[in-house]
Amino acid sequence: MKNLFPKFLFTLLVIAGIVACQDNSDYQEIITDGSYQTAAQIRLTNVIIHDIFSPPVASRIYAYPSIAAYEVAVLADPQYKSLMGQLNGFVPTEFVTEGEIYYPLASLIAYYKVATALIFSEEMMNTHKEAALKEIRSKGIPKKVFNRSVQLGEEVADHVIAYSKNDNYHQSRSFEKYTVSNAPNTWQPTPPAYMEGIEPHWNKIRSFVLDSAGQYKSVPPTEFSNDKSSQFFKEAEEVFLTTKNLTTEQKDIAMFWDCNPYKVNVKGHVMFAEKKITPGGHWMGIAAISSKTAGQDWKSTAETLAMTGVALFDGFIACWDEKYRSVLIRPETYINKYIDEDWLPLLQTPPFPEYTSGHSVISNAAAETLTSLFGEPFHFIDSTEVAYGLPVRKFDSFRQAADEAAISRLYGGIHYMPAVVNGATKGQKVGHHLLDRVSTKNENLAKVE
């Protein structure tokens, strides 16, 4: 018996190894929630930071992959309604879905392929994709199912990539740069890098849902004046005095929502960039956190990220349309010239005109969209900035978070109050327009009151 036991044990090990290498009949349970897509989104955020894409461009990079992932969810579940035919210029098409397909995998493939097509550092995204696919394949998904799923994901991605190529982005890369005016009320490049105006032609990018970039045109900014009794001077003075008397909480709020990918540090004669998430990236992070908090499955996660991406994209188009219409002077420039030449804002002023506040617009557009999906109140812990050295903040609704994001720009010293208030209004209108025009279910979504 002594000699038989090792042989018996060896036989068992061989059998176990063969079984382990066989396909897993329960592979449908490999991907149930949105964790793989949100992990891919986190990787995409890291690439966006690495490649230093501007906030408007970053919103484009988030939106199209999320749309592609969602379109696969539509193929998987008839309760979901395609965005094809609903988004401007997104022409409907048919996809071959014969044979057994693992739709969560196809959705992930679609996300990675579109994301990789929109960035510079492709290898960073490809490495992450290969690691994810290796992990999924190791769990026993049948080879034929795996291959069919990859093929479908790539076909959906190709359709979305073709759609993205017609949004005027590539043409806009050759448009002329913004020419700085000498008029006293207009935006001037600010220290320390004195960068040129970012994306002056972003209003020429095709929107997803808006009829035009100027559909929700803001009221004009307060009339410029350097007279101490004027309303404009009072608004600048409000920025000046607010930053002089910030509480610890207000400073924390300003820093939490900074999200300036162009922040430059200066040491002696050396300048170097500080890696920061974009404001759109912050809200895509909130969307992912909320999806996990609500226990959404992979299809609902894809829906949440796609709708948030669309809202942010259109929000940036509407906001940038106003920025380069009014080209209003920043508080830093005005205060240094007319109030205190040594004053510095708490946050570094980003390189584009003041009115309206981008944070106010896109935060409110995203908040209205997310509220339609999750309701109100909705408690979530925003840990988006933890990776960048900041603590979490807690909110009881998306609108509460949007309000805080908006007012943070006054605390940071980079916006006058009208840009905050009127930007929030614009963002709400953009969000409501999206919800009025687009449905992700085959019955109408309840309208936000």
Handout entry: Distance-minimising heavy-atom pair for Ser360 and Ala406
Key = OG-CB, 3.3 Å

Practice task
For Thr384 and Asp382, test the side chains for any donor-to-acceptor distance below 3.5 angstrom and give the result as yes or no.
Solution key: yes

Problem - Parallel, tilted or perpendicular, as decided by the 30° and 60° cut-offs, for the rings of Trp202 and Tyr169 - result: perpendicular

Practice task
Examine the side chains of Asp211 and Gln215 and answer whether a donor and an acceptor come within less than 3.5 Å of each other.
Solution key: yes

Exercise for the section: Grab the two heavy atoms, one from Ile317 and one from Ser207, that are nearest each other, plus how far apart they are. Expected result: CD1-CA, 3.6 Å

Problem - Pairing of Lys276 and Glu274 as salt bridge, 4.0 angstrom limit - result: yes

Exercise for the section: Could you tell me whether the side chains of Thr243 and Trp343 share a donor-acceptor contact shorter than 3.5 Å? Expected result: yes

Practice task
Taking atom types as modelled, find out whether Ser218 and Lys426 have a side-chain donor-acceptor pair closer than 3.5 angstrom.
Solution key: yes

Practice task
Would you check if there is a donor-acceptor pair between the side chains of Ser363 and Trp283 at a distance under 3.5 Å?
Solution key: yes

Exercise for the section: Inspect the contact between Glu199 and Arg173 and indicate whether a charged nitrogen and a carboxylate oxygen are less than 4.0 angstrom apart. Expected result: yes

Exercise for the section: For residues Tyr334 and Phe232, establish whether the separation of their ring centroids is below 6.0 Å. Expected result: yes

Exercise for the section: State whether Arg330 and Glu354 are salt-bridged, where the test is any N-O pair (Lys NZ or Arg NE/NH1/NH2 against Asp/Glu carboxylate O) under 4.0 Å. Expected result: no

Practice task
Give a yes-or-no answer on whether the side chains of His432 and Lys429 include a donor-acceptor pair shorter than 3.5 Å.
Solution key: no

Handout entry: Within-4.5 Å side-chain heavy-atom neighbours: Pro391 and Val386
Key = no

Practice task
May I ask you to check whether His433 and Asp314 show a side-chain donor-acceptor distance below 3.5 Å?
Solution key: no

Problem - Modelled atom types, side-chain donor and acceptor of Ser300 and Tyr80, under 3.5 Å - result: yes

Exercise for the section: May I ask you to check whether Thr301 and Ser291 show a side-chain donor-acceptor distance below 3.5 Å? Expected result: yes

Problem - Between Gln37 and Gln41: side-chain donor-acceptor atoms closer than 3.5 Å - result: no

Practice task
Flag the pair Phe398 / Phe380 as yes when their ring centroid distance falls below 6.0 Å, and as no otherwise.
Solution key: yes

Exercise for the section: Answer yes or no: is there a donor N or O on one side and an acceptor on the other, between the side chain of Thr371 and the main chain of Ala367, under 3.5 Å? Expected result: yes

Exercise for the section: Measure from the side-chain N and O atoms of Arg148 to the backbone N and O of Tyr102, and report whether any donor-acceptor pair falls under 3.5 Å. Expected result: no

Exercise for the section: Measure across Cys259 and Glu385 and return the closest heavy-atom pair with its distance rounded to 0.1 Å. Expected result: SG-OE2, 3.5 Å

Practice task
Go through the side-chain N and O atoms of Ser82 and Glu71 and say whether any donor and acceptor fall under 3.5 Å apart.
Solution key: yes

Exercise for the section: Classify the side-chain pair Glu303/Thr440 by whether it contains a donor and acceptor separated by less than 3.5 Å. Expected result: yes

Exercise for the section: Using only heavy-atom distances, determine whether the side chains of His50 and Ser121 contain a donor-acceptor pair under 3.5 Å. Expected result: yes

Practice task
Indicate whether the side chain of Asn422 and that of Tyr355 have a donor and an acceptor atom separated by less than 3.5 Å.
Solution key: yes

Exercise for the section: For the residue pair Asp167 and Tyr64, confirm or rule out a side-chain donor-acceptor distance under 3.5 Å. Expected result: yes

Handout entry: side chain to side chain contact (heavy atoms under 4.5 Å, CB included) partners of Pro353, counting only residues at least two apart
Key = Trp187, Lys323, Tyr324, Val327

Handout entry: Test salt bridge (charged side-chain N to carboxylate O under 4.0 Å, His left out) applied to Lys113 and Asp158, step by step
Key = CA-CA 8 Å; Lys113 184 168 185 179; Asp158 289 340; 2.8 Å; yes

Exercise for the section: Using modelled atom types only, decide if a donor and an acceptor are shared between the side chain of Gln348 and the backbone of Asp258 within a distance under 3.5 Å. Expected result: no

Fill in the blank from the handout: Those residues at least two apart in sequence (or on a different chain) that pass side chain to side chain contact (heavy atoms under 4.5 Å, CB included) with Lys337 are none

Handout entry: Arg393, Arg399, Lys394 screened by salt bridge (charged side-chain N to carboxylate O under 4.0 Å, His left out) with Glu404, the one that passes
Key = Arg393

Practice task
Report the relative orientation of the aromatic rings in Phe256 and Phe395; use parallel for angles under 30°, tilted for 30 to 60°, perpendicular for over 60°.
Solution key: tilted

Handout entry: Any residue meeting side chain to side chain contact (heavy atoms under 4.5 Å, CB included) with Ser59, in chain and number order, not counting sequence neighbours
Key = Phe313, Phe316

Exercise for the section: Consider only side-chain N and O atoms of Glu322 and Thr356, and report whether a donor and an acceptor are under 3.5 Å apart. Expected result: no

Exercise for the section: Would you name the heavy atoms of Ala40 and Met125 that are closest together and state the gap between them? Expected result: O-CE, 3.3 Å

Exercise for the section: Just say parallel, tilted or perpendicular for the rings of His201 and Phe175, cut-offs at 30° and 60°. Expected result: perpendicular

Practice task
Compute whether any side-chain donor of one residue and acceptor of the other, for Tyr62 and Thr45, lie under 3.5 angstrom apart.
Solution key: yes

Exercise for the section: Measure from the ring center of His282 to the ring center of Trp257 and say whether it is less than 6.0 Å. Expected result: yes

